[in-house]
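This report concerns only the one structure given below.
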Amino acid sequence: MSPQGATGETTTDRSLLARIGKKDEEALSALYDRYSGLVFSEAKRILRDAGAAEEILQDLFYQVWRTAERFDPAKGSLAGWLLVAARNRAISKLRRKGGITEELHENGVSLGVDVESHAAQNLLIEKVRAVMKTLPENQRQALECAYFQGMSHTEIAEKTGQPLGTVKTRIRSAMEALKKVLS
Amino acid sequence: MPEDEAATVQAHVSGCDDCAARLAEAHGHASLLVFTVKQERPAGTIKAELLARVRANRQSEEMNEWPSRVYTEGHENEAKDAGKGASSWLTWVLATGAVALALVSFGLSRQNRKISAKLEQERKVAEASIREREQIEKLVGMLASPDTMTVKLAGMGEMPNASGMVKFNAKAGMVVCEAENLAKLPADKSYQMWLVPMSGAPISAGLLGPGGHAWGNMWTADVPANIQAKAFAVTIEPAGGMEQPTGPKVLLGAT
């Protein structure tokens, strides 16, 4: 369910963040309802462990609660930040590296598309999946290795036995295809 | 990206708005991959724990402000009401206790969730072991039963050197097959076993090989109980099997 304002419109992330900055628990609850599924699914896909994914999910939203006032919407979207932060933490856990804790005011993430309602998220799911189906298998695999396993281009080249240049080209081509979703 | 390279990039983008925007965009495009993932919901308890945690955090922050405020107020009002400061301190102590309790509760809740997840995993392993044991008992019982008949299968068509043996118990509706010298099939094909009843159309008795229910080098399948078999056959079918035989017979044996 998307949180609705008095006008019936979906409450924006920006207004929810402003309320969270003033320690409004309902706003945090609404933000959690909006993005917890995406964040959890992403972390679980990487870690293959629901418990570990739930820990990352909870820690991220707790961080939003504590530092909401530091988020600068001009730098990027909150949804994008949540997804990248969840991914980085999950990869860090997967590769047993030290803890990563991006701050809300650090690097922004421009998602370039509205995902502030579940309807918008579902639409994007359809579009992205349709594009992924059109990708050659080797491009899709290279992209997934990089994103979901945190593998460097060199590591992917070693794993697949392909030249490094080929791996880079595959990932770049796949990224170009993904960008088309936004156009 | 190697850590040193990442540090160089990070150092650059922190002072270059243009590159920071490009990096933000690249992160955003890559994040679209999340939308290919099967969407799942976290356990409902996670949200409750999160809200308990933020409440504890809020109370803790309020606590940090109270001592100085209470101290100041205490001094200002000392002459008027000496007992008021003590009362405020008592409130502060109680509130601190409440925060500590909330934090302990949060920690226990998280621990409890981990233990529950582990128990659930162990329960599934135990259930799988029980199922496996039941299957073995059922198989041994069937093989030892005087009601079980043995049917020898002979190779034919493309595979004259193939052979096999079927153990069939009509009462239990259970078929066990062992086959030898069957050639390896391409990925889009499967061997499928058929029970040919005394009357009516053949009944699928499962796949041999990948996709079938294997036990060691034997394949087992359940068929409807109390059907008398006239013969057993194995055919080559599209991967996953068919409702009725469509491909060439490679093994056949009459009861």
Side-chain angles (χ1 to χ4, degrees), chain A residues 23 25 28-29 32-33 36-42 44-45 49-51 53-55 57-58 61-62 65-66 75-77 79-81 83-84 86-87 106-113 115 121-122 124-129 131-132 140 143-144 146-148 152-154 175 178-179 181-182, chain B residues 1-3 5-6 9-14 17 19-62 106 109-121:
Chain A
K23 302 302 175 198
E25 286 179 26
L28 180 72
S29 174
Y32 179 92
D33 289 343
S36 58
L38 278 176
V39 171
F40 172 70
S41 302
E42 178 184 41
K44 191 180 168 205
R45 165 69 179 78
D49 178 341
E54 283 169 347
E55 264 187 40
L57 169 71
Q58 194 185 100
F61 277 90
Y62 184 62
W65 169 260
R66 294 189 66 186
K75 279 190 174 179
S77 74
W81 182 86
L83 295 176
V84 169
R87 183 247 177 198
E106 287 177 351
N107 300 328
V109 180
S110 295
L111 213 47
V113 63
V115 289
Q121 289 173 15
N122 290 336
L124 194 57
I125 285 169
E126 278 179 29
K127 280 185 174 180
V128 175
R129 287 182 181 172
V131 166
M132 290 298 282
R140 194 182 53 74
L143 197 59
E144 288 184 348
Y147 192 81
F148 292 120
S152 68
H153 293 181
T154 309
M175 288 291 287
L178 268 180
K179 272 161 72 173
V181 170
L182 307 176
Chain B
M1 188 180 287
E3 281 177 20
E5 203 177 327
V9 171
Q10 187 62 48
H12 176 75
V13 296
S14 61
D17 289 345
C19 289
R22 285 186 185 192
L23 184 64
E25 199 177 69
H27 276 314
H29 292 150
S31 297
L32 291 176
L33 272 184
V34 175
F35 295 90
T36 64
V37 172
K38 182 187 168 196
Q39 297 299 303
E40 295 179 72
R41 302 296 305 173
T45 51
I46 305 302
K47 185 177 176 184
E49 281 178 21
L50 171 71
L51 294 176
R53 198 174 168 188
V54 303
R55 267 172 220 137
N57 169 254
R58 191 160 67 175
Q59 286 173 336
S60 173
E61 284 181 352
E62 285 169 2
F106 164 71
S109 173
R110 180 173 270 200
Q111 199 177 5
N112 182 42
R113 191 154 47 81
K114 279 184 182 173
I115 292 169
S116 298
K118 199 174 174 188
L119 281 175
E120 176 64 16
Q121 205 174 4

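Below, chains carry the letters A, B, ... as their sequence lines are ordered, and counting in each starts from 1.
A donor-acceptor distance shorter than 3.5 angstrom exists from the side chain of Arg129(A) to the backbone of Val37(B), with no hydrogens or angles considered. The backbone N or O of Ala43(B) sits less than 3.5 Å from a side-chain atom of Glu54(A), completing a donor-acceptor pair.
Options Glu126(A), Arg45(A), Glu55(A) differ in how many heavy-atom pairs under 4.5 Å they form with chain B, and the most are formed by Glu55(A). When each of Met132(A), Lys179(A), Arg66(A) is scored by its heavy-atom pairs under 4.5 Å with chain B, the top score falls to Lys179(A). Your options are Leu83(A), Leu124(A), Val115(A), Leu57(A), and the one with the most heavy-atom pairs under 4.5 Å with chain B is Leu124(A). Contact tally against chain B (heavy-atom pairs below 4.5 Å) for Glu42(A), Glu25(A), Lys23(A): the top residue is Glu25(A).
For the atom pair CG of Asn122(A) and CD of Gln39(B), the computed distance is 8.0 Å after rounding to the nearest 0.5 Å. From Glu49(B), atom CD reaches atom CZ of Phe61(A) across 14.5 Å, with rounding to the nearest 0.5 Å.
Counted within 6.0 Å of CD on Gln121(B), heavy atoms from surrounding residues, nucleotides or ligands total 12 or fewer; the atom is thus considered open.
Listed here is the closest heavy atom pair of Ser36(A) and Arg41(B): OG-NH2, 3.1 Å. Among all heavy-atom pairs drawn from Leu50(B) and Gln58(A), the shortest one is CD1-O, 3.6 Å. Considering all non-hydrogen atoms of both residues, Phe148(A) and Leu33(B) come closest at CZ-O, 3.7 Å.
Residue Leu178(A) touches chain B through both its backbone and its side chain, counting heavy-atom pairs closer than 4.5 Å. Neither the backbone nor the side chain of Thr154(A) comes within contact range of chain B, judged by heavy atoms closer than 4.5 Å. Residue contact with chain A, scored on non-hydrogen atoms closer than 4.5 Å, involves the backbone of Lys38(B) exclusively.
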Tell me, with the steps shown, if Lys127(A) and Leu32(B) meet side chain to side chain contact (heavy atoms under 4.5 Å, CB included). CA-CA 10 Å; Lys127(A) 280 185 174 180; Leu32(B) 291 176; over 6 Å; no

Pair Leu51(B), Tyr32(A) - check side chain to side chain contact (heavy atoms under 4.5 Å, CB included), show working. CA-CA 10 Å; Leu51(B) 294 176; Tyr32(A) 179 92; over 6 Å; no

